[in-house]
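The next block holds one structure in the form of structure tokens; read it before the comments.
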Amino acid sequence: MGTALVYHEDMTAARLLWEDPECEIERPERLTAALRRLQQGGLEQRCLQLAPREASEAELGLVHSPEYVSLLRGTQALDTQELQALSGQYDAVYFHPSTFHCARLAVGAALQLVDAVLMGAVHNGLALVRPPGHHSQRAAANGFCVFNNVAIAARHAQQKHGLQRCVLGWPGARGRGKVVVGVAETPPSALSHPGLGSRPQGWRPCPSVSSALPVPRILIVDWDVHHGQGIQYIFEDDPSVLYFSWHRYEHGRFWPYLRESDADAVGQGKGRGFTVNLPWNQVGMGNADYLAAFLHVLLPVAFEFDPELVLVSAGFDSAIGDPEGQMQATPECFGHLTQLLQVLAGGRVCAVLEGGYHLESLSQSVCMVVRALLGDPVPPLSGPMEPHRSALESIQSVRAAQAPHWTSLRQQGSAPTPRPGTCSTDGRTSPLSPGGPTFKAAEAQASAVLSSLLGQLHLHPTPPVRTAVTLTAPDAALGLPPAVLHQEGLHEALIQDTAFTALGKVLHLLKGILDGQVSSGVATTPAAAATLDVALRCSLSHRAQRVLCVAVGQLDRPPDLANDGRTLWLDIRGKEAAALSLFHVSMPLPGTTGAFLSCVLALVLPLAYGFRPDLVLMALGPAQGLQEPHAALLAALLRGPAGGRVLVLVEQEPTSQLAGILARVLHGDAPPSLGPFSTAPPEDMQALLYLRGQLEAQWKMLQVAAPS
């Protein structure tokens with residue numbers, strides 16, 4: 001299994017045939033530039049390339065009315081004047097004689113990708129398509145969008161595919177070396193749902209099944225800079241689809257100018273709480289803002305929802321340099337967002353291109369998404385890790401609107417909602433008027449910044465070895481993918497030396513990570529505390545300027561460790577919740593899955609991203625108490641802050657199973673399922689809220705509301 005790339009050159013055929021400044025930015029070069037950059041980076045060659053088919057009219061009818069499909073079919077025979085007249089009946093749309101064919105291919109590409117992922121042919125993928133789709137409605141084109149590609153793909157997945165998951169299993173393991181542990185995909189024929197197809201190839205029964213859902217739960221993440229109101233309208237009363245959208249809104253003064261784009265639009269009827277809108281009320285939102293939205297809004301809700309498939313409306317007009325969005329998020333940010341989504345749904349992530357009109361920014365962002373889908377480490381985030389005040393106000397508003405519907409948000413507490421209509425000015429960015437001199441100057445400045453940032457991305461080459469393992473019991477069977485090197489293979493790749501003690505092996509692996517020859521590693525050790533101490537000191541004396549230590553279990557911070565800001569030490573399973581200093585934080589081991597997720601998303605990751613480490617040392621010591629899925633999720637999420645440079649130390653155990661699971665997630669596989677969401681005990685949440693209150697003034701990524 002691997003990553004699919006779906007593309008067809010026919011989707012470049014449709015183009016604007018008359019003068020229209022509003023529509024001219026949606027051009028064929030959007031696809032060709034992105035594909036060329038994927039080829040130049042060697043990424044296209046690493047993907048399984050799927051040729052899309054045209055979606056059938058019956059498939060289009062899953063979302064669109066027969067009359068609308070018939071109208072679009074008729075555009076193939078219209079002349080330019082007739083096409084222009086018909087286009088004028090819609091908002092920001094143009095038609096071409098090839099539009100119907102291109103739009104059917106775009107839908108078909110999304111369907112091919114979903115089928116390939118849910119049938120197990122690939123693990124994830126990207127559909128590089130145009131025209132985009134998320135604005136399209138049941139009987140109307142809108143905002144360059146003809147057919148709603150992602151919405152149709154979601155309905156198709158629900159009708160054709162059904163999923164069941166083992167209690168004791170690993171749903172969706174990437175299986176780069178054909179490693180799949182305890183996964184069961186229930187054949188559609190076993191489910192009582194009309195129109196379901198035949199049993200997936202390679203299906204095998206699972207002896208212990210937790211539950212069966214005729215309609216799979218699907219998460220749609222829309223990170224395009226415009227609100228995908230078409231998707232919202234289609235699913236607003238459907239609790240089987242969770243739709244999350246952030247979008248430039250400016251209190252209703254940005255297209256599509258809809259009241260229902262605001263944070264208090266949460267869905268209708270049974271779907272209340274399953275529409276999550278995060279409106280950006282200023283331009284200039286950047287990496288810290290996007291990451292905060294994921295950590296403090298999307299991911300808590302998504303883990304509680306527990307999706308079986310993630311669809312991404314991947315619009316890159318929310319990236320730096322784009323004239324539509326006027327945002328500041330750099331290309332690597334979208335790789336980080338993709339990595340965060342890959343811990344959901346067993347890693348079943350299907351991204352479908354939406355907007356994106358600055359060709360270089362679009363192309364580089366697409367490459368970062370594909371790198372993440374392939375499991376490659378993504379460069380660390382650039383720029384200040386401090387959300388804008390306006391972003392915090394938006395996050396505060398959406399958390400307050402959604403708290404009645406989601407336990408994960410309600411337990412973390414929500415500050416009062418800002419008064420509607422207020423607009424903050426935090427001194428960093430102010431709204432710009434499109435077309436004016438300020439807008440043009442900002443666009444030129446963004447392009448200059450983008451050029452500089454793109455040059456910096458090349459300073460972070462992918463190490464030749466992605467993951468290496470050293471064991472105190474080297475003959476233990478881990479069932480690892482072939483690309484994961486055991487310590488013996490690592491010796492051959494780095495230096496010729498066989499005289500290694502257990503500590504020597506760890507230090508050799510650490511040197512490989514610090515020297516850029518290895519991205520990440522797992523090492524078992526008979527003495528985790530002593531090994532962590534030595535590894536930390538060696539890191540600081542070698543090349544690392546900042547080291548994050550996440551210590552789980554009975555692992556005390558060395559008393560003579562300097563409190564100089566070069567080390568951030570996080571104790572999980574500490575005796576009490578305490579901020580012993582800005583760089584030493586202790587948290588009792590969470591007692592439930594819900595509490596663990598809150599600890600990781602609301603404390604560990606915000607601190608980690610705010611600290612911006614060069615290296616992460618994660619140690620599982622005596623009496624560490626983490627279940628294997630929890631330890632694997634923690635390791636997977638810690639790949640992001642340091643650009644993949646993670647070394648996990650595991651106190652030697654009778655079995656090496658945990659080391660194998662950790663190696664696979666560091667290699668890019670999805671972590672095992674955490675099982676059903678469980679409520680956090682009050683004492684755990686009180687400890688979390690106490691720590692956040694103690695630290696958020698200095699660690700800005702902890703904030704979930706604008707300072708009063």
Proximity of Phe235 and Phe274 rings by center, below 6.0 Å: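 Between Phe274 and Phe235, which both carry aromatic rings, the centre distance is not below 6.0 Å.
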
Any pair counted as side chain to side chain donor-acceptor pair (under 3.5 Å), so long as it reaches residues 59-68, sequence neighbours left out: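 Counting only pairs at least two positions apart or across chains, the side chain to side chain donor-acceptor pair (under 3.5 Å) contacts touching residues 59-68 are Arg53-Glu59, Ser56-Glu59.
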
Pair listing, side chain to side chain donor-acceptor pair (under 3.5 Å) test, anchored in residues 230-246, at least two apart: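 Those involving residues 230-246 are Arg155-Asp238, Gln158-Ser240, Asp222-Tyr243, His227-Gln232, Gln232-Asn277, Tyr233-Glu260, Asp238-Ser240, Ser245-His247.
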
[X] side, atom [atom1]; [Y] side, atom [atom2] - distance, nearest 0.5 Å:
X      : Y      : atom1 : atom2 : answer
Leu86  : Gln89  : CG    : CD    : 5.0 Å
Phe95  : Gln84  : CZ    : CD    : 12.5 Å
Leu126 : Leu38  : CG    : CG    : 7.5 Å
Leu344 : Leu309 : CG    : CG    : 11.0 Å
Asn149 : Leu311 : CG    : CG    : 11.0 Å
Asp91  : Phe144 : CG    : CZ    : 9.5 Å

Pair Glu44 + Arg46: basic N to acidic O under 4.0 Å: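 Salt bridge flag = no for Arg46 with Glu44.
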
Pair Asp264 + Arg259: basic N to acidic O under 4.0 Å: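 Salt bridge flag = yes for Arg259 with Asp264.
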
Test side chain to side chain contact (heavy atoms under 4.5 Å, CB included) applied to Arg36 and Ser363, step by step: CA-CA 8 Å; Arg36 182 169 58 252; Ser363 301; over 6 Å; no

Residue pair His251 / Asp262, side-chain donor-acceptor N/O under 3.5 Å: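 His251 vs Asp262: no donor-acceptor pair found between side chains.
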
Pair Tyr94-Glu26, side-chain donor/acceptor within less than 3.5 Å: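 Indeed, the side chains of Tyr94 and Glu26 share at least one donor-acceptor pair under 3.5 Å.
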
Worked check of side-chain hydrogen bond (donor to acceptor under 3.5 Å, both in side chains) between Ser361 and Asp322: CA-CA 7 Å; Ser361 180; Asp322 195 284; over 6 Å; no

Pair Asp79-Leu83, side chain to side chain contact (heavy atoms under 4.5 Å, CB included): steps then yes or no: CA-CA 6 Å; Asp79 61 28; Leu83 289 167; over 6 Å; no

Test applied, side-chain contact (heavy atoms from CB on, under 4.5 Å); reference residue, Asp224; option that passes from Leu353, Val312, Asp317: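 Looking at Leu353, Val312, Asp317, the match for Asp224 under the side-chain contact (heavy atoms from CB on, under 4.5 Å) is Asp317.
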
Side chain to side chain, Gln49 and Val6, heavy atoms closer than 4.5 Å: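 Not in contact.
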
Side chain proximity check, Leu48 to Thr3, heavy atoms < 4.5 angstrom: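 No, too far: nothing below the 4.5 Å cut-off.
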
Intermediate values then yes/no, side-chain hydrogen bond (donor to acceptor under 3.5 Å, both in side chains), Asn287 and His336: CA-CA 10 Å; Asn287 295 343; His336 283 261; over 6 Å; no

Whether over 12 other heavy atoms sit under 6.0 Å from Glu9 CD: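 It does not: Glu9 CD has 12 such atoms or fewer within range.
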
Gln45 atom CD: more than 12 heavy-atom contacts under 6.0 Å: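 Yes, because the 6.0 Å sphere around CD of Gln45 holds more than 12 heavy atoms from other groups.
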
Chi angles and distances behind the ring pair (Phe, Tyr, Trp, His ring centres under 6.0 Å) call for Phe334, Phe316: CA-CA 9 Å; Phe334 297 94; Phe316 298 103; 5.2 Å; yes

Please table the atom pairs, donor to acceptor, closer than 3.5 Å between any side-chain atom in residues 290-302 and protein atoms at least two apart or in another chain.
residue, atom, partner, partner atom, Å
Tyr290, OH, Ser318, O, 2.8
His296, NE2, Met701, O, 2.8

Verdict with reasoning, Arg348 to Glu308, per salt bridge (charged side-chain N to carboxylate O under 4.0 Å, His left out): CA-CA 7 Å; Arg348 296 184 183 99; Glu308 296 167 275; over 6 Å; no

Side chain to side chain contact (heavy atoms under 4.5 Å, CB included) assessment of Tyr7 paired with Leu31: CA-CA 9 Å; Tyr7 169 81; Leu31 293 193; 4.0 Å; yes

Asn148 and His135: CA distance, side-chain angles, deciding distance, side-chain hydrogen bond (donor to acceptor under 3.5 Å, both in side chains) verdict: CA-CA 7 Å; Asn148 203 311; His135 299 303; over 6 Å; no

